[in-house]
Number of protein chains: 2
Amino acid sequence: MTTRTTAPRRVAPRRVEKETAATTVYHALKRDIVHGVLEPGHKLLIDQIAERYSAGTNPVREALNRLSSERLVDREDLRGFFVPPISLDDFRDIVRTRCWVEGKALEESIRNRTEAWEDAIILANHRLQNTPIHYYEHTEPGMPPPDNSPWEERHRTFHRALIANCGSRHLLRFADELMLLGERYRFISMANSYPRRRSVDEHQAIVDATLAGDTKRAVEALQGQYQLTLKIYEETMSGE
Amino acid sequence: MTTRTTAPRRVAPRRVEKETAATTVYHALKRDIVHGVLEPGHKLLIDQIAERYSAGTNPVREALNRLSSERLVDREDLRGFFVPPISLDDFRDIVRTRCWVEGKALEESIRNRTEAWEDAIILANHRLQNTPIHYYEHTEPGMPPPDNSPWEERHRTFHRALIANCGSRHLLRFADELMLLGERYRFISMANSYPRRRSVDEHQAIVDATLAGDTKRAVEALQGQYQLTLKIYEETMSGE
DNA sequence: AATGAGTAAATAATGTATGATATCGTTTGA
DNA sequence: TCAAACGATATCATACATTATTTACTCATT
């Protein structure tokens, strides 16, 4: 048997991973609900949604049904779908639960720590620090709100990296769900509260304690950040 | 103004709460997957499911989409729906996560304890103790497996009652999801392991510690029960 | 005039049927 | 032995029919 001179390069049997319309609508709806584009309490009319995302009614229904199981839309038989209302109580619940879940997940991640996990945190933190935040105050009046999606994306990645080593798929899934629910409140009510936060320092403190293996300090730093977010939200609410 | 002698008793505008076909199929599928009637790894063909539950394809797709967000069915675009496979690793993850989540929820429930909550636990435990378990060994060969759904129902209610006072809707939702995922393993692989368990004593121990306000002992008793379940599962698996 | 029951029209969710498109298993040909 | 091609099967999307809810209106009663 002779070696081939031209590498046969088996064409990767990569499934093209085509997306169905239902999945496309699912992601679009999810994004628009989390970003507050679709307002809390708003009724989601099938036909409107279908037209909005250029899809049929059937894919829309499938997307809405998926989201209803993630508590990102409310559903009532024969009455339709709604964007879930927001409330201070709900946000308090989300933050508190997130503190428990991610606190535990961080603790376990540190217990199981590996070099690869630590590297991923360093990297995620570095990338996050190098991603600028565009403040609303610096844009001209009448301009659309600034797009911070790169920062948002890296922020999510950073927090996922912290707890990624906890060893529990289910706990990570819960953390992800809660992160999403929490982000919704940030987008809806606190779009412009970035500036008052020394988030770079906060993140650095979490990273330092985590890499030092100081579980107690790391968890407290993480939870402290979430509780600060809640505090700002409460002030924002009472100030209006 | 005189008081009316015949109470007008405004007829409660109680919505009849009709169930759609999609919801009916959703519950039926959920039950059959948890009970292991639909086997792990099995492909869920839309038409088959539709016929099985006497429904159209559309309601079936909606039900499957809901369940996919609860991890009770796996979904792949253009490839269909599947009953999730089971694995020892997955069950370990479920039990461990359940210990964390319910441990925390029980701790918080005790911290916020009220008389109503304690009463509900007493009652749920009492009802559970008075519900007999029908053992497979005691039925004639060839007979269908015994129906323990009353016990299962009360068992669920008991565990929900323990943590109901934790004050977090989201945590309770997670606990519920995990309970369901865990029950699936019990139904699939341990249908006949009831007898070897002194579950009445185990439950009583949890109740005693809980009502005594002994958080540490209560949580350990609760987690101990789950870990015992895992141990039995591991033995069942290796013994076959 | 204001209130409320009853009723009919409009609206929207739900379900059915059908056609389009992708995947999967098999066969055929080099 | 491998790969391309074909046919069978199933998912997905659209169009349409059905059923429930919501709204608007009428009219009797207070």
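Proteins come first, then strands; the chains are lettered A, B, ... in the order of their sequence lines, and each starts at number 1. Excluded from the calculations below are hydrogen atoms, water molecules and symmetry mates; all remaining heavy atoms, backbone and side chain alike, are included.
- For residues 24-44 of chain B, every residue pair satisfying the salt bridge (charged side-chain N to carboxylate O under 4.0 Å, His left out) rule, not counting sequence neighbours, is listed here: B:Lys30-B:Glu70, B:Asp32-B:Arg52.
- For the salt bridge (charged side-chain N to carboxylate O under 4.0 Å, His left out) test, residues two or more places apart in sequence or in another chain that qualify with B:Arg75 are B:Asp77.
- With rounding to whole Å, B:Leu64 atom CG is found 15 Å from D:dA10 atom P.
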*Along nucleotides 11-16 of chain D, 5' to 3', which nucleotides get a B, which get an S, and which get a -, given that the test is a protein heavy-atom distance under 4.0 Å?*
SSSB--

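- For NE2 of B:His27, the number of neighbouring non-hydrogen atoms (other residues, nucleotides, ligands) closer than 6.0 Å is greater than 12.
- B:Thr24 contributes a side-chain N or O that, together with a main-chain N or O of B:Thr20, makes up a donor-acceptor pair within less than 3.5 Å.
- Following rounding to the nearest Å, A:His42 (NE2) and C:dA12 (P) show an atom-to-atom distance of 11 Å.
- With respect to B:Arg173 and A:Glu177, a salt bridge is recorded, a charged nitrogen being found less than 4.0 Å from a carboxylate O.
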